[in-house]
Amino acid sequence: MPAPLRLYNTLSRTIEPVDPIEPGQLRIYVCGMTVYDHCHVGHARAMIVYDTLVRYLRHRGWTVTFVRNFTDIDDKIIQRAAAEGTTPEEVAERFIDSFHRDMDGLGLVRPDMEPRVSGTIDEIVAMIGRILDAGHAYVNQGTVWFDVASYPEYGALSGQRPDELRSDDPDKGKRHSADFALWKAARPDEPSWPSPWGSGRPGWHIECSAMCAATLGQEIDIHGGGLDLVFPHHENEIAQSQCSHGGQRFVRHWMHNGLLTAGAGTKAGGRAHRDAEAEQVDQKMGKSKNNAFVIHQALELVPAEAIRLYYLQTHYRSPLPWSDDSLLESLAMLARLYEAREQAEQMGGSEPLPKVVEAIGAEARTVVELARALPERIDRAMDEDFNTAMALGHAFELARAINRLGNQKQARRRGGPIAAEALAALSYLGPTLGLLQQGTEAFHDEVATKRLAALGLSREAVQSLVDDRQHARQQKDWAKADALRGQLEQMNISLMDTPKGPVWRVKL
RNA sequence: GGCGCCGUACCCAAGUGGUUAAGGGAGAGGUUUGCAAAACCUCCAUUCACCGGUUCGAAUCCGGUCGGCGCCUCCA
């Protein structure tokens with residue numbers, strides 16, 4: 001049996017055990033993208049949160065079926081196609097490709113299914129038919145409206161009551177301003193499909209209900225998405241799904257990730273003036289707010305795992321401010337983990353563990369204790385509402401202990417058996433959090449490539465200064481060596497003299 | 001107007017009834033070093049926006065005040 005997991009359920013507003021429909025199995029549906037533009041780092045947060053969840057659940061023994069859709073029929077896609085003089089299909093296809101490139105770049109697992117609205121039209125039409133038959137919808141001039149008043153449970157997820165909503169809709173033929181379109185009557189120059197109510201296309205919310213049922217069945221275990229989807233999108237999904245399935249419960253566990261915010265003043269430590277320009281407050285990131293930072297740009301600055309760490313440092317339900325400075329800070333944190341691992345990798349010796357521990361003493365014991373405890377501590381944090389931040393905190397405690405041990409000459413020579421324990425523990429970060437999955441060299445190389453590009457420097461330029469300094473040092477021309485070091489420092493390159501020769505790194 | 005979330009050190013951030021309030025970054029001092037860098041050590045919130053209340057005991061529960069954010073139009 002897989003390990004039990006407790007998660008916050010938006011429906012009950014409490015942390016509850018995940019209670020699967022079938023023992024050991026979880027059917028998870030996550031709202032994906034409307035593909036009318038490139039994804040920004042706010043979308044990346046949602047994608048990374050659910051990717052981490054799925055990885056972790058599988059690692060803990062669950063059989064997970066993970067579905068994430070593409071909304072490829074939508075007003076904005078149609079608008080963009082019209083503006084570019086192309087077809088909605090072409091626009092959707094282009095941004096689905098872009099999405100896949102971004103997700104691959106971020107190192108995310110592919111969902112088991114990625115249904116598209118355009119491939120689910122028959123199911124959508126059938127579902128709308130059942131909703132009409134059940135008396136929860138009405139037709140007006142080729143448009144089918146969901147009849148909110150017919151469904152007393154409406155609002156259970158979001159706490160909204162239809163009559164209390166701000167209603168600024170001009171009358172479009174609805175009975176109640178909270179009613180929403182299941183099927184939109186065809187308009188000229190827009191894609192449309194035949195239906196019993198005339199040609200048209202699906203409304204915004206029905207696709208997810210239909211794709212969910214088509215891929216996972218009438219009832220699913222976990223439905224995820226951004227907090228901004230709670231109302232109306234998910235509220236409407238519940239209404240549609242349950243009204244078309246004879247009242248059958250739709251979702252057992254509703255999971256919502258907090259949003260990324262943008263627009264805060266500088267966070268650069270030490271000089272956070274409170275001047276007028278820094279008075280901007282955090283605002284949700286979004287294209288309409290014109291403050292979006294695209295995933296592709298972020299991946300040019302840092303390795304994918306740094307972006308991942310950025311998000312996992314904060315609990316998934318909290319809002320998270322985005323800033324370039326914080327992104328670089330996350331990279332520095334990631335490097336700290338990689339460097340601790342490297343430190344462990346370099347410890348030699350193959351004596352029996354107890355003997356080495358005995359010889360080295362307290363520092364060795366601490367590493368062994370923390371290493372052995374780490375997997376369980378990570379699991380405990382993750383099993384209680386997916387607390388990735390706490391899990392990471394534990395990992396950093398081990399990293400510090402490894403470094404402390406590595407400061408001892410004797411440990412570097414004989415600490416191998418202790419390091420093996422630490423390495424095993426650190427490798428636990430892969431299947432659980434998706435971190436430390438690169439080789440040490442590959443990591444340093446990627447960091448150097450991306451950071452040098454960001455600084456406008458070339459490896460050759462750096463290397464030649466490093467070489468010059470090395471010559472100066474060999475001639476004990478300390479003044480010249482220090483001058484060259486200073487020059488590198490100015491370029492944001494720090495130089496480390498190691499027993500194996502000088503090693504340089506871009507300062508993080 | 002309605003619904004909901006949040007306010008923890010210089011910054012980011014975990015903790016949500018009970019021994020010393022995780023972790024990261026910045027800062028100060030030290031160890032180490034030709035000098036450095038990295039790393040390590042020490043210091044850096046007797047205190048969790050504010051005010052009341054419940055309790056033997058609260059950052060954690062309840063009420064109020066102030067401040068911020070999200071949703072109610074498309075949104076991860």
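To find a chain, count down the sequence lines: A is the first, B the second, and so on, and within it residues start at 1. Note that the structure is a prediction, hence the values are computed from the model and not measured. Just so it is clear, the values below take in all heavy atoms, side chains as well, and ignore hydrogens, waters and symmetry mates.
- C50(B): Watson-Crick or G-U partner is G64(B), with both key distances under 3.5 Å.
- The stretch residues 385-398 of chain A comes close to RNA chain B through Asn387(A), Ala389(A), Met390(A), Gly393(A), Phe396(A), Glu397(A), each having a heavy atom under 4.0 Å from the strand.
- In this structure, Arg400(A) does not reach the C40(B) phosphate: none of its side-chain N or O atoms is under 4.0 Å from OP1 or OP2.
- If you run side-chain hydrogen bond (donor to acceptor under 3.5 Å, both in side chains) between Tyr316(A) and each of Thr52(A), Asp385(A), Asn387(A), only Asp385(A) comes through.
- The phosphate of G68(B) has neither OP1 nor OP2 within less than 4.0 Å of any side-chain N or O from Thr261(A).
- Between Arg13(A) and G4(B) there is no side-chain N or O to OP1 or OP2 distance below 4.0 Å.
- Picking from A76(B), A13(B), G34(B) the nucleotide with the shortest atom distance to the side chain of Asp228(A) gives A76(B).
- Backbone-only engagement by Asn403(A) is indicated by non-hydrogen atom pairs under 4.0 Å involving sugar-phosphate atoms exclusively.
- Taking only side-chain nitrogens and oxygens, Arg404(A) comes nearer than 4.0 Å to OP1 or OP2 of C41(B).
- Taking the side chain as every heavy atom from C-beta outward, Arg451(A) and Leu328(A) approach each other to under 4.5 Å.
- One interatomic measurement links the two molecules: CG of Leu320(A) to P of G24(B), which rounds to 18 Å at whole-angstrom precision.
- Checked for salt-bridge contact, Arg80(A) and Glu84(A) meet the test: a charged N lies under 4.0 Å from a carboxylate O.
- When the nucleotides A14(B), G34(B), A76(B) are ranked by their closest atom to the side chain of Arg469(A), G34(B) comes out on top.
- Along RNA chain B, the nucleotide nearest to Trp478(A) and the one nearest to His233(A) differ in position, and the one closer to the 5' end is contacted by Trp478(A).
- Between Phe146(A) and Phe180(A), the angle of the ring planes stays under 30°, which puts this pair in the parallel group of the 30/60° scheme.
- Using a 4.0 Å cut-off, some side-chain N or O of Lys284(A) falls inside it from OP1 or OP2 of C71(B).
- Between His38(A) and His296(A), a ring centre-to-centre spacing not shorter than 6.0 Å is recorded.
- For Arg336(A), the side-chain atoms get nearest to A39(B) when compared with the rest of A39(B), C71(B), A76(B).
- Rounded to an integer number of Å, the gap from CE of Met496(A) to P of C40(B) is 14 Å.
- For the pair Arg68(A) and Tyr50(A), the cation does not sit on the ring face, since its NZ or CZ is not both under 6.0 Å from the ring centre and inside 45° of the axis.
- Ring planes of Phe443(A) and Tyr338(A): parallel class, angle under 30° (limits at 30 and 60°).
- Ring geometry, Tyr154(A) versus Tyr151(A): the interplanar angle exceeds 60°, so the pair is classed perpendicular (tilted spans 30 to 60°).
- Between A49(B) and G7(B), the two C1' atoms lie 6 Å apart (nearest whole Å).
- Tyr311(A) has its OH atom 15 Å from the P atom of A14(B), to the nearest Å.
- U16(B) makes up no base pair with any nucleotide shown, lacking Watson-Crick or G-U wobble contacts both under 3.5 Å.
- To the nearest whole angstrom, the two P atoms, one in U20(B) and one in U47(B), are 15 Å apart.
- Atom CG in Leu312(A) sits roughly 22 Å away from atom P in A22(B) (whole-Å rounding).
- As rounded to the nearest Å, U65(B) and G70(B) have P atoms that lie 22 Å from one another.
- For Arg161(A) and C3(B), the shortest distance from a side-chain N or O to OP1 or OP2 is below 4.0 Å.
- For the pair Asn407(A) CG and G30(B) P, the interatomic distance rounds to 18 Å; values are reported in whole Å.
- Nucleotides C3(B) and A9(B), compared at atom P, are 31 Å apart to the nearest Å.
- Glu339(A) has its CD atom 15 Å from the P atom of A37(B), to the nearest Å.
- Comparing the C1' positions of G1(B) and U60(B) gives an interatomic distance of 32 Å, to the nearest angstrom.
- For Ile378(A) and A14(B), the CD1 to C1' distance is 15 Å, given to the nearest whole Å.
- Taking the C1' atom of each, A26(B) and G68(B) are spaced 24 Å apart, rounded to whole Å.
- In this structure, U42(B) and A28(B) make a Watson-Crick or G-U wobble pair, each of the two defining distances being under 3.5 angstrom.
- When the nucleotides G25(B), A14(B), C35(B) are ranked by their closest atom to the side chain of His315(A), A14(B) comes out on top.
- Taking every side-chain heavy atom of Asp482(A) into account, C35(B) is the closest of C71(B), A76(B), C35(B).
- Nucleotides U31(B) and G23(B), compared at atom C1', are 24 Å apart to the nearest Å.
- In the set A76(B), G34(B), A36(B), the nucleotide with an atom closest to the side chain of Met33(A) is A76(B).
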